[in-house]
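Okay, structure first, notes after.
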2 protein chains.
Amino acid sequence: MHTQTQNAFRALADPTRRDIVQMLASQDMTIGQLTDRFDMTRAAVKKHLTVLSDGGLITVEARGRERVNRIDPQGMAPVLDWLRYFNQFWDDRLNSLKEAIERKDK
Amino acid sequence: MHTQTQNAFRALADPTRRDIVQMLASQDMTIGQLTDRFDMTRAAVKKHLTVLSDGGLITVEARGRERVNRIDPQGMAPVLDWLRYFNQFWDDRLNSLKEAIERKDK
DNA sequence: CTGTTTGGATACCATTTGGTTTCACATTAA
DNA sequence: TTAATGTGAAACCAAATGGTATCCAAACAG
């Protein structure tokens, strides 16, 4: 859905959320552990985690009374897909240039 | 302070701005031409262009009374750098994107 | 010169966002 | 059972965001 692309981009638009993603990339963490590393309340961190979850960038697993937040690499796919559009575009232009040069050589 | 990475991510967080970037990817356009393709006022489009410019994703060239908005592939570099830094799983795909941009810069 | 076209700037508005405080609930420990 | 721990949810707030309407300036066309 287009919404996933939008939610993913929105999730990455905040520096705190990008920091969270980087932290979770090296280790799964609970809200409490994350909150210890930020200068904000647990409620604020929770909101960020909700946005990240909406963006499909993290998943949450209940373990006892704890919630383990885990990064979901697949959630980055919509972002990369959108960026890949330019990869195609630039490749096309590069190919056109190459072809033009080759025609000139003949 | 607002880093270039933050400004670039922020610029891409809005769907209208991503649409603008895609439109400019295929053709340079004035603000008037862009406004014709959206259901919003010129002032609103102008604000989006300012955010895109702050993010380093576009450049503007004055030509007579017109201002030609042009995509700046280099502006995507901070985004790609961040994505590449945080997740090793996507290195291959991200490297292709980054190389395409670097080649075009030359 | 006189309009007309193209674009920027400002003031204003409603909604969203990022944060807080507070309270409630469930699970573990004593 | 009682207390402590880990979390979620709601109400609230200031600031940022995305939009509008309006006015103003510069460049082009007649």
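Chain letters run A, B, ... following the sequence lines, proteins first, then strands; residues in each count from 1. Everything numeric here is computed off the predicted structure, so don't read it as measured data.
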- prompt: Is any side-chain nitrogen or oxygen of Arg10(B) closer than 4.0 Å to OP1 or OP2 of dA16(D)?
  reply: no
message: If you assign each of Gly32(A) and Ala43(B) to its closest nucleotide in DNA chain D, which residue comes earlier from the 5' end?
response: Gly32(A)
- line: Whole-Å distance, Asp19(A) CG to dG18(C) P, equals 14 Å
field: Met40(B) CE to dT15(C) C1', straight-line distance once rounded to whole Å
entry: 15 Å
- line: Between Pro78(B) and Thr5(B) the two heavy atoms that sit nearest each other are CB-OG1, 3.7 Å
message: Quick check against the 3.5 Å criterion: does Gln22(B) have a side-chain atom that pairs as donor or acceptor with the backbone of Asp19(B)?
response: no
- prompt: To the nearest Å, how far apart are Arg67(A) CZ and dT28(C) C1'?
  reply: 14 Å
message: Tell me whether the side-chain N/O atoms of Thr30(A) come closer than 4.0 Å to OP1 or OP2 in dT7(D).
response: yes
Separation of dT17(C) P from Arg17(A) CZ (nearest whole Å): 8 Å
Under 3.5 Å donor-acceptor pair, Arg65(A) side-chain atoms to dT27(C) base atoms: yes
- request: Give the rounded distance in Å between these two atoms: CG of Asp54(A) and P of dT16(C).
  value: 14 Å
- prompt: More than 12 foreign heavy atoms under 6.0 Å from CZ of Arg37(A): is that the case here?
  reply: no
Main-chain N/O of Ala13(B) paired to Gln6(A) side chain as donor or acceptor, under 3.5 Å: yes
- prompt: Roughly, in whole Å, what's the span from CG in Asp14(A) to P in dT17(D)?
  reply: 11 Å
message: Classify Arg63(B) by what it touches in the nucleic acid, base, sugar-phosphate, or nothing, heavy-atom distance under 4.0 Å.
response: nothing
Comparing Thr41(B) and Val60(A) on DNA chain D - which has the more 5′ nearest nucleotide: Val60(A)
- prompt: So does Lys47(B) get a side-chain nitrogen or oxygen closer than 4.0 Å to the phosphate oxygens (OP1/OP2) of dG18(D)?
  reply: no
field: Nucleotide dT4(C), atom C1' - distance to CD of Glu66(B) in whole Å
entry: 14 Å
- prompt: Any side-chain N or O of His48(B) less than 4.0 Å from the OP1 or OP2 oxygen of dG19(D)?
  reply: yes
field: Electrostatic pair Arg70(A):Glu61(A) at N-O distance under 4.0 angstrom
entry: yes
Distance, rounded to the nearest Å, where Arg42(A) contributes CZ and dA9(D) contributes P: 11 Å
- prompt: If you pin Gly64(A) and Ile31(B) to their nearest nucleotides in DNA chain C, which one's is more 5'?
  reply: Ile31(B)
